[in-house]
Amino acid sequence: MDHPLTASLNPPQREAVLHTEGPLLILAGPGSGKTRVVTHRIAHLLAQGVPDYQILALTFTNKAADEMRRRVAELVPDAKVWMSTFHRFCARLLRQYATSVGLGENFTIYDTDDTRKVLRETVEELGVDLTHVTPERLQAAISWAKNHLIPPDRYEPQAGSAVGMIVKRVYPAYQARLLADSAVDFDDLLLHVVSLLTESPELRRTLDARYRYIMVDEYQDTNLAQYTIVRALSVDHPNLAVTGDPDQSIYGWRGANLNNILEFEKDFPKVQVVRLEQNYRSTQRILRVADQLISHNRRRKPKSLFTDNQEGSQVRLVKYLNNRVEAESIAARIAADVGAGRRRPRDFAIFYRTNALSRNLESALREYAIPYQMVNGLEFYQRKEIKDVLAYLHLLNNPRDRVALTRIINVPARGIGKSSVIRLAQYATHRGKSMLDAAREAGLIEGLTKRAAVAVARFVATIDHLAVARSGPVETIIAAVLDETGYRAMLKESDDADDQERLANVEELLTAAREFDEHNPGPDQLESFLEQACLVNDTDAWEVDDDRVTLMTMHAAKGLEFPVVFIIAVEEGLLPHERSREDAAALEEERRLLFVAITRAREELQLSLARQREFRGSSRYAVPSQFLMELPHEELEMTERLYAEQVRPQLSPEGMERLAAMQGIADLDAVELEILNGLAPGEAMAAMQQMVAEATETGLAANREPNPAFREGPPPRLTTAAALAEAETATGTGTHPAIAARPTTPPDDFLQGMLVQHPEYGLGKILAASGTGSKRTVTVAFVSGAGQKKFLVIHSPLMLARG
DNA sequence: TGTGAGTTGATTTTT
DNA sequence: TCAACTCACA
């Protein structure tokens with residue numbers, strides 16, 4: 001009988017799906033339908049009668065886990081298969097057995113920031129001199145050791161390594177401090193689970209039997225700790241299915257060991273190996289470029305990628321004068337394609353090696369009013385105010401959490417200064433007490449002023465009072481924290497517009513908590529909430545459905561695909577990154593990184609570099625990446641651009657409509673269409689935004705008077721920011737020349753909820769307003785993707801878009 | 001104790 | 001370029 005489940009699969013895919021018993025290695029090239037195979041395999045297992053709780057699927061990112069969950073649900077709606085990241089899985093497990101590894105029942109997960117604080121304090125306590133070693137370096141070294149399962153007492157530095165010597169001293173103290181705080185860092189989550197499994201054969205057996213079918217995604221990225229965990233759970237029931245591609249291993253710097261996948265067949269001699277080599281994503285040309293590049297790597301399993309897709313156009317390789325021209329040209333191209341109706345914003349992605357490279361792109365895209373989303377930036381849970389509130393929760397959850405206590409003992413200000421906190425910490429360390437317990441004895445602490453002691457006592461009382469409601473709904477706990485600590489009042493009474501924004505963020509946290517409560521009913525959910533907050537990351541915020549251009553690092557791009565991909569700054573020192581150039585293995589990883597980036601493209605691909613690039617404030621001449629020499633030149637179309645591309649699209653009616661929809665306008669009349677066609681794309685976009693403002697003003701998108709800004713004929717053409725700035729100075733209005741001058745509005749007329757127009761950022765809404773007259777400040781959220789900004793109204797080029 | 005200005009120093013990728 | 005940290009002052 002035919003399996004309806006496998007009807008749509010090619011032979012190797014089917015083979016992988018139908019293989020259920022015994023180890024399985026799926027070598028999946030890019031775009032080969034890997035997720036499809038994994039999800040169908042889960043569905044198949046379930047159809048075979050395997051209970052859902054016996055299946056465990058492990059990924060590296062929440063994004064991947066969510067995607068898998070979504071797609072399994074499409075096949076088998078009610079299955080409750082456990083799909084999560086390694087770290088989350090370990091956190092869950094660890095919570096049951098925390099005491100066996102020396103942690104308190106409610107342990108805290110310290111993030112990178114917290115970890116650095118602990119490290120810094122440890123270094124200080126030990127009196128270690130850090131003149132030539134940054135804490136980050138130390139952090140990386142300790143993380144490396146942990147990823148390689150080297151405990152503090154077995155750490156031996158390489159001969160002559162200055163960092164190593166310091167690590168040898170600091171690592172044990174650091175680890176002791178974590179345990180004292182009943183806290184773990186990210187690496188510990190894995191490490192503690194490894195010790196659980198190695199030290200308790202019984203527990204290992206139980207879990208092995210429980211998770212009978214284990215799948216690991218992106219197996220090439222596993223480090224020794226992850227490898228050990230997976231192996232330990234696959235001894236009695238070795239139904240371990242791993243998928244991966246050695247050519248896409250890009251996390252070596254985080255301890256990922258390529259050997260795990262290269263030697264899987266040695267680890268499990270009876271393994272079935274399936275190769276997925278047919279690519280369903282890219283054009284022949286893109287695939288050939290990728291293939292040729294990666295063939296220069298030595299440490300790999302050779303594979304032959306092929307596709308039935310079209311030949312496609314040549315891959316563009318463009319050399320720009322400088323980074324500004326690069327960014328503007330890319331933005332112009334995108335604007336042209338969108339304007340002509342050929343593409344939507346969501347079809348495009350721009351990749352770069354380091355986050356710092358995104359700046360020019362952002363402003364260029366804003367200039368063209370192209371909506372974009374950037375995957376990184378200050379992530380919600382990293383914001384100061386969110387971390388503050390969460391610190392209160394952490395302290396309630398784990399009274400030993402020292403980082404949390406020091407963070408908020410004087411926030412809002414209670415008159416407990418730095419020196420008092422140090423005294424408190426010393427007292428606690430001396431007596432082996434937690435900071436909170438030490439604080440309870442504030443009156444006994446030498447060197448603490450009476451005033452400080454009273455303040456500390458009051459702080460303890462507040463915490464104790466809050467602790468009473470600790471087991472209730474999270475939203476209630478947060479609300480109590482905000483009220484009883486005075487945190488909300490502190491923000492509310494502030495004149496600073498930043499604080500108004502913070503207040504809004506804090507309210508958002510309340511909403512998040514409410515949603516969490518709905519999904520997680522029952523008492524004592526605080527720890528679970530905090531765990532979730534600690535283990536989310538930037539890419540999780542990326543929205544597939546938004547019609548926006550995507551900006552991200554090449555690392556974040558893994559697992560995604562886009563019709564058109566731009567890869568910028570393919571230059572020595574950036575693409576093989578500075579720090580990777582000497583080391584052959586690291587260089588291969590950089591090559592894989594470019595391979596990953598290239599293979600994200602479905603139809604069009606452009607690689608670019610600049611002759612001159614501004615970096616760290618100063619400008620320098622760039623050398624083309626050595627990887628460019630390795631590409632097949634017959635597949636490339638090479639051009640050089642010394643000025644910003646002037647792409648003047650003839651906007652088709654269809655394209656205009658799309659643009660209009662993007663900008664929120666219902667329809668356009670013929671006159672407007674004609675005028676817009678006469679403008680450079682950047683101006684056309686700005687003009688569009690103006691129309692939105694007009695439309696909002698009248699409340700009626702249709703049936704408008706033609707915009708007065710266009711009656712007087714096209715404004716001077718300006719494309720570069722320099723020219724724009726010049727024009728601004730000349731007119732003295734500070735507004736884009738395409739926008740008609742308006743009478744100035746008194747600052748106090750800028751009210752919360754109003755729509756405003758900004759020459760650079762476009763249309764936005766006032767989220768918060770404070771102060772009066774010349775001190776009037778507003779926080780504005782922009783639709784363009786610029787995010788939120790605050791302005792002193794009187795000095796800002798903001799104009800009301802309504803009234 | 002708290003704030004502000006000035007200086008310094010560092011910048012890959014992330015669970 | 002920018003953020004974090006230091007130091008001086010109120």
Side-chain angles (χ1 to χ4, degrees), chain A residues 58-65 84-91 109-113 115-117 120 130-137 139-140 143 146-147 184-191 218 221-223 225-226 249-256 323 351-360 375-376 378-379 381-382 384 409-422 448-449 451-452 455 496 531-540 552-558 569 573-581 586 589-590 592-594 596-597 613-619:
Chain A
L58 295 173
T59 64
F60 278 83
T61 64
N62 295 305
K63 190 174 65 188
S84 86
T85 62
F86 268 100
H87 291 265
R88 221 179 258 244
F89 170 73
C90 289
I109 302 169
Y110 282 163
D111 68 17
T112 319
D113 253 18
T115 303
R116 193 168 315 147
K117 275 184 195 155
R120 207 166 278 155
L130 271 195
T131 22
H132 291 102
V133 181
T134 64
E136 288 74 23
R137 237 3 241 293
Q139 204 172 12
S143 178
K146 288 186 171 186
N147 286 154
V184 298
D185 60 24
F186 288 139
D187 303 315
D188 280 345
L189 285 170
L190 306 173
L191 207 56
E218 310 279 14
D221 287 334
T222 47
N223 61 31
Q226 287 154 336
S249 163
I250 54 176
Y251 285 102
W253 50 275
R254 237 173 68 190
N323 46 316
F351 302 149
Y352 34 81
R353 177 66 231 266
T354 72
N355 277 309
L357 292 167
S358 68
R359 294 184 130 269
N360 297 295
V375 180
N376 90 315
L378 247 198
E379 166 218 337
Y381 284 103
Q382 296 288 2
K384 177 185 176 301
I409 190 166
N410 201 32
V411 179
R414 298 184 172 91
I416 307 171
K418 209 165 151 192
S419 51
S420 303
V421 176
I422 291 172
L448 214 57
T449 63
R451 206 149 124 209
D496 191 344
E531 173 197 305
Q532 178 207 260
C534 290
L535 296 179
V536 293
N537 82 102
D538 304 338
T539 42
D540 297 339
M552 51 168 59
T553 65
M554 300 166 79
H555 280 89
K558 193 163 71 162
L574 279 169
L575 195 31
H577 193 271
E578 210 105 48
R579 299 197 190 172
S580 312
R581 273 193 294 182
E589 179 152 316
E590 296 284 305
R592 288 194 293 266
L593 190 54
L594 182 56
V596 167
R613 185 169 299 276
E614 273 168 36
F615 205 63
R616 278 190 216 172
S618 66
S619 159

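In what follows, chains carry the letters A, B, and so on, assigned in the order in which the sequence lines appear, proteins first and then strands, with residues in each chain numbered from 1. In what follows, every heavy atom counts, from backbone to side chain, and hydrogens, waters and symmetry copies are set aside.
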*Asks:* Under a 4.0 Å threshold between the charged nitrogen and the carboxylate oxygen, would A:Arg254 count as salt-bridged to A:Asp221?
*Replies:*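 The answer is no: the pair does not qualify as a salt bridge.
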
*Asks:* Counting side-chain heavy atoms from CB outward, which of B:dT15, B:dT11, B:dG2 is closest to A:Ala413?
*Replies:*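 The closest nucleotide is B:dG2.
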
*Asks:* Starting at atom CD of A:Gln532, determine the distance to atom P of B:dT15, rounded to an integer number of angstrom.
*Replies:*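 Interatomic distance, CD of A:Gln532 to P of B:dT15: 15 Å.
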
*Asks:* Over how many whole Å does the gap from A:Asp113 atom CG to B:dT15 atom P extend?
*Replies:*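 It works out to 14 Å between those atoms.
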
*Asks:* Would you mind telling me which residue lines up with the more 5' stretch of DNA chain C, A:Lys418 or A:Arg359, judged by nearest nucleotide?
*Replies:*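 Residue closer to the 5' terminus by nearest nucleotide: A:Arg359.
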
*Asks:* In whole Å, what is the span from the CZ atom of A:Arg451 to the P atom of B:dT1?
*Replies:*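 After rounding, the reported distance stands at 8 Å.
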
*Asks:* Treating A:Asn355 as the side-chain partner and A:Thr553 as the backbone partner, does any N or O pair qualify as donor plus acceptor under 3.5 Å?
*Replies:*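 No, A:Asn355 side chain to A:Thr553 backbone: no donor-acceptor pair under 3.5 Å.
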
*Asks:* Output yes when at least one side-chain N/O atom of A:Ser420 is less than 4.0 Å from OP1 or OP2 of B:dT1, else no.
*Replies:*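 Affirmative; the distance criterion is met.
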
*Asks:* Checking contacts here: which listed nucleotide (B:dT14, B:dT15, B:dT1) is nearest the side-chain heavy atoms of A:Thr112?
*Replies:*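 Closest of the options to the side chain of A:Thr112: B:dT15.
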
*Asks:* Please tell me which of A:Phe186 and A:Ser580 maps to the more 5' nucleotide of DNA chain B, matching each residue to the nucleotide holding its nearest heavy atom.
*Replies:*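 Checking each residue's closest nucleotide, the 5'-ward one belongs to A:Ser580.
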
*Asks:* Assign A:Asp187 to base, sugar-phosphate, or nothing according to its heavy-atom contacts below 4.0 angstrom with the strands shown.
*Replies:*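 A:Asp187: no heavy atom of the nucleic acid under 4.0 Å.
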
*Asks:* Rounded to whole angstroms, how far apart are CD1 on A:Ile422 and P on B:dT1?
*Replies:*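 After rounding, the reported distance stands at 10 Å.
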
*Asks:* I want to confirm an ordering. Mapping A:Thr354 and A:Gly417 to their closest nucleotides on DNA chain B, which one lands closer to the 5' end?
*Replies:*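 Final value for this comparison: A:Gly417.
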
*Asks:* With rounding to whole Å, what would you report as the distance between B:dT13 and C:dA4 at their P atoms?
*Replies:*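 Per the computed distance, 15 Å lies between those P atoms.
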
*Asks:* Any side-chain N or O of A:Asn147 below 4.0 angstrom from OP1/OP2 of B:dT15?
*Replies:*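 No.
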
*Asks:* Just how far, in rounded Å, is C1' of B:dT11 from CG of A:Leu357?
*Replies:*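 So the CG-C1' distance, A:Leu357 to B:dT11, works out to 11 Å.
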
*Asks:* Measure from CG on A:Leu593 to P on B:dT13 and round the result to the nearest Å.
*Replies:*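 Taking CG of A:Leu593 and P of B:dT13, I get 11 Å after rounding.
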
*Asks:* Among B:dT15, B:dT1, B:dT14, find the nucleotide with the atom closest to the side chain of A:Ser419.
*Replies:*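 Within the option list, the nearest is B:dT1.
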
*Asks:* Can you tell which of B:dT1, B:dT15, B:dT14 lies closest to the side chain of A:Thr553?
*Replies:*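 Of the candidates, B:dT14 comes closest.
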
*Asks:* Taking all atoms of both residues into account, what is the closest heavy-atom pair of A:Ala452 and A:Ser420, and its distance?
*Replies:*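 Reported closest heavy-atom pair: CB-OG, 3.6 Å.
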
*Asks:* Tell me the interatomic distance from A:Arg137, atom CZ, to B:dG9, atom P, rounded to whole angstroms.
*Replies:*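 Spelled out: CZ on A:Arg137 to P on B:dG9 is 17 Å.
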
*Asks:* Does the separation of the ring centres of A:Tyr251 and A:His555 fall below 6.0 angstrom?
*Replies:*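 Yes, ring centres under 6.0 Å apart.
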
*Asks:* Check whether A:Gln139 reaches the backbone of A:Thr112 with its side chain - one donor and one acceptor, N or O, closer than 3.5 Å.
*Replies:*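 Such a contact is found between A:Gln139 side chain and A:Thr112 backbone.
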
*Asks:* Given that A:Arg120 and A:Glu614 both sit by DNA chain C, which one's nearest nucleotide is further toward the 5' end?
*Replies:*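 Comparing both residues, the 5'-ward one is A:Glu614.
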
*Asks:* Quiz question: by atom type and distance under 3.5 Å, do the side chains of A:Asp187 and A:Ser143 form a donor-acceptor pair?
*Replies:*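 Their side chains do contain a donor-acceptor pair, which is all the 3.5 Å distance test asks for.
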
*Asks:* What's the CG-P distance between A:Leu535 and B:dT15, to the nearest Å?
*Replies:*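 Result: 10 Å.
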
*Asks:* Rounded to the nearest 0.5 Å, what's the gap from OH on A:Tyr110 to SG on A:Cys534? Could you check?
*Replies:*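 If I round to the nearest 0.5 Å, the distance is 10.5 Å.
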
*Asks:* According to a strict under-4.0 Å criterion, is A:Asn355 in side-chain N/O contact with OP1 or OP2 of B:dT13?
*Replies:*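 It does, given that an N or O in the side chain of A:Asn355 lies less than 4.0 Å from OP1 or OP2 of B:dT13.
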
*Asks:* Name the nucleic acid region contacted by A:Tyr251, choosing base, sugar-phosphate or nothing; use a 4.0 angstrom heavy-atom cut-off, strictly under.
*Replies:*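 Sugar-phosphate contact only - A:Tyr251 comes under 4.0 Å of backbone atoms but never of a base.
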
*Asks:* Applying a 4.0 Å non-hydrogen cut-off, can you work out what A:Arg592 is touching in the nucleic acid: base, sugar-phosphate, or nothing?
*Replies:*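 Nothing, no heavy atom under 4.0 Å.
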
*Asks:* Quick check against the 3.5 Å criterion: does A:Thr115 have a side-chain atom that pairs as donor or acceptor with the backbone of A:Asp111?
*Replies:*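 Yes: the side chain of A:Thr115 pairs with the backbone of A:Asp111.
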
*Asks:* Below 4.0 Å from chain A heavy atoms, what is the first contacting nucleotide of DNA chain C and what is the last?
*Replies:*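 Contacts span C:dT1 to C:dC5, reading 5' to 3'.
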
